[in-house]
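This report refers to the structure that appears directly beneath it.
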Amino acid sequence: MASAVAQDSSGAPPGAPKKPGSRRKGTGLSPRRLPYLLIAPAVLLMVGFIAYPMLSVFYYSLQNYNATKPWRNGFAGLDNFKRIFTDDPLFWDSLVFSGKWVFTEVTLQLALGLILALLVNQTFVGRAAARALVFSPWAVSGVLTTTIWLLLYNPSTGVGRYLADAGIGTYGSSVLSDTGTVFWAAVLAELWRGVPFFAILILADLQSIPGDLYEAASVDGASRFRQFFHITLPHLRDAIILSTLLRAVWEFNNVDLLLTLTEGGPAGVTTTLPLYVAVTGFEAHDFGYATALTTVAFGILLFCSILYLRLSKFGGDHK
C-alpha cells in the first residue's frame with residue numbers, strides 16, 4: 001500500500017527521471033517539439049521573404065505579362081523558355097559575356113586579394129593604416145565606385161588626357177566607348193572594389209593558422225615557398241572555396257556598376273545576363289519574359305554552385 005502511494009499518476013516513483021519523450025504537465029508540449037516551435041517564427045519569415053518571391057517569379061515566367069501590351073497578357077506556358085533557347089541570340093551573347101566576366105573578375109580578385117592579405121599579415125610599422133587603406137574600397141557603393149571611375153576615364157579631364165600628354169594614346173579617346181578596351185576598363189573598376197573582399201576573408205583565416213607550424217617547418221629547413229604551399233594554402237582551402245563561390249554569384253548578378261559605367265555598351269558587348277533581365281523588365285516592360293530569364297539564370301547558378309562544391313569537396317577532410 002505504501003508503494004502505491006509513493007507512485008505518481010504516471011506510475012513512476014517520486015524523484016525518478018522522466019522519459020525524454022514525456023510531456024510537460026500543463027504545457028502539452030514535449031521537449032522534442034519545443035525547438036520546432038521556437039524556430040517557427042524564423043521559418044515563417046524565410047518562407048514569406050524568400051520562398052514566396054521565388055514562386056512568384058516562376059509563376060510569372062509562365063505568363064505573357066507586358067505592361068505596354070495588356071491585351072496580350074495571359075498564360076503562355078513554356079513559350080517564354082522556348083523563345084529564350086531558340087529565338088533570342090541576345091540571351092546567348094549575354095550568357096557568354098557573363099561567364100567571361102565572372103571568370104576574369106574572380107580569378108584576378110582572388111590572386112590580388114591573396115597577395116594583399118599576405119602583405120598586411122606581416123608585422124611592419126603602419127600596418128593598421130595599411131589595412132584600413134586596403135579594405136576601404138569595399139565600403140564604397142557600386143554607384144559611387146562608378147562615379148569615381150567615370151571621372152578617371154573622362155577623356156577631357158581624366159587619366160587619358162595625361163597619358164596623351166605623355167605621348168600614350170590620343171586626345172579625346174575614351175576607353176569606355178571602344179569595344180577593344182571597354183571590357184578591361186570595367187574589369188579594372190570592379191577589381192578596385194572587389195579585391196578587398198578576398199583580402200578580408202583570407203586575412204581572417206591567415207590569423208587562425210598556428211605559428212608553431214611555421215616554426216617547425218623552419219627548423220626542418222623548409223623555405224618560405226614550401227611553407228606557403230604545404231601550410232598556408234591547405235589551411236586557406238575552405239576559405240578560398242567559399243569566397244570564390246560567393247564572389248562568383250555576386251559578380252554574375254552584378255548590375256549596378258556595369259549599368260552605370262557602360263550601360264551594357266558599346267554595342268551591347270558588356271551586357272551580362274542580369275543586366276539583360278533589368279533592361280527587358282524595366283525598359284521594355286516585358287516582365288513575363290524577364291522573369292523567365294531570371295528563372296533560367298537561377299537554374300544556371302544553382303547547377304554551377306552545386307557542381308563547384310562537389311568538385312572542390314568543400315568541407316571535406318583534405319589535410
Side-chain angles (χ1 to χ4, degrees), residues 97-140 145 149 152 159 163 168 181 183-252 254 257 301 304-319:
F97 177 76
S98 296
K100 178 183 176 181
W101 171 264
V102 170
F103 178 80
T104 304
E105 281 292 343
V106 174
T107 302
L108 293 178
Q109 288 180 22
L110 173 61
L112 295 175
L114 178 59
I115 294 173
L116 282 177
L118 292 172
L119 290 176
V120 297
N121 191 46
Q122 304 300 317
T123 302
F124 56 89
V125 178
R127 183 176 67 172
R131 287 181 176 180
L133 185 63
V134 168
F135 300 154
S136 58
W138 180 245
V140 181
T145 299
W149 285 91
L152 292 174
V159 178
L163 292 176
I168 304 175
T181 59
F183 173 74
W184 292 108
V187 165
L188 182 60
E190 182 63 13
L191 279 177
W192 181 79
R193 183 177 66 163
V195 167
F197 170 79
F198 283 98
I200 293 171
L201 290 183
I202 293 175
L203 177 62
D205 214 31
L206 279 173
Q207 295 177 340
S208 67
I209 301 177
D212 298 342
L213 296 177
Y214 294 103
E215 294 178 3
S218 299
V219 171
D220 291 339
S223 63
R224 286 184 174 271
F225 183 81
R226 295 190 65 182
Q227 291 179 24
F228 175 75
F229 280 97
H230 293 281
I231 298 176
T232 305
L233 277 185
H235 278 82
L236 295 178
R237 180 178 179 274
D238 284 347
I240 290 176
I241 293 174
L242 182 60
S243 59
T244 51
L245 177 61
L246 292 176
R247 198 62 191 162
V249 172
W250 290 341
E251 289 298 344
F252 183 88
N254 191 327
L257 184 133
L301 279 179
C304 292
S305 299
I306 295 175
L307 180 64
Y308 178 70
L309 291 176
R310 288 291 183 90
L311 293 177
S312 62
K313 299 180 181 178
F314 175 71
D317 186 10
H318 54 274
K319 296 180 183 179

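Interatomic distance, K313 NZ to I241 CD1, rounded to the nearest 0.5 Å: 11.0 Å. How far CG of L301 is from CD1 of I306: 11.0 Å, rounded to the nearest 0.5 Å. Note that the CD1 atom of I240 and the OG atom of S312 stand 11.5 Å from one another [nearest 0.5 Å]. Atom-to-atom distance recorded for F228:CZ and Y214:OH is 9.0 Å, nearest 0.5 angstrom. Note that OG1 of T232 is 13.5 Å distant from CZ of R226, once rounded to the nearest 0.5 Å. With rounding to the nearest 0.5 Å, the separation of CG in L236 from OG in S208 is 8.0 Å.
Without hydrogens or angle criteria, T107 side chain to T104 main chain gives no donor-acceptor distance under 3.5 Å.
In terms of heavy atoms, L257 sits closest to A186 at CD2-O, 4.2 Å. Of all heavy-atom pairs spanning L245 and S305, the tightest one is CD1-OG, 3.7 Å. When all heavy atoms of Q227 and S218 are compared, the pair lying nearest together is NE2-OG, 3.2 Å. Scanning both residues, P196 and R193, for their nearest heavy atoms gives CD-O, 3.5 Å. Scanning both residues, A199 and V134, for their nearest heavy atoms gives CB-CG1, 4.3 Å.
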Show every donor-acceptor pair shorter than 3.5 Å between a side-chain atom in residues 118-129 and any protein atom, with sequence neighbours excluded, or say none if there are none.
from: Q122; atom 1: NE2; to: L118; atom 2: O; distance (Å): 3.3
from: R127; atom 1: NH1; to: Q122; atom 2: O; distance (Å): 3.4

Do any side-chain atoms of residues 108-117 form donor-acceptor pairs under 3.5 angstrom with protein atoms, and if so which ones, sequence neighbours left out?
from: Q109; atom 1: OE1; to: R247; atom 2: NE; distance (Å): 2.9
from: Q109; atom 1: NE2; to: E105; atom 2: OE1; distance (Å): 2.7
from: Q109; atom 1: NE2; to: E251; atom 2: OE2; distance (Å): 3.1

Decide side chain to side chain contact (heavy atoms under 4.5 Å, CB included) for F197 and L201; before the verdict, give the C-alpha distance in whole Å, the side-chain angles of both, and the deciding distance to 0.1 Å.
CA-CA 7 Å; F197 170 79; L201 290 183; 3.5 Å; yes
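Side-chain contact between L206 and H235: absent, with no pair of heavy atoms (C-beta onward) separated by less than 4.5 Å. Contact of the N254 side chain with the W250 side chain is not registered, since no non-hydrogen atoms from C-beta on lie closer than 4.5 Å.
Taking the six-membered ring where tryptophan is involved, the planes of W192 and W149 are perpendicular, since the angle between them exceeds 60° and thus also 30°.
No donor-acceptor contact under 3.5 angstrom links the side chains of E190 and T145, judged on distance only.
Other residues, nucleotides and ligands contribute only 12 or fewer heavy atoms inside 6.0 Å of the CZ atom of F103.
Checked against a 6.0 Å centroid threshold, the rings of F252 and W101 do not count as neighbours.
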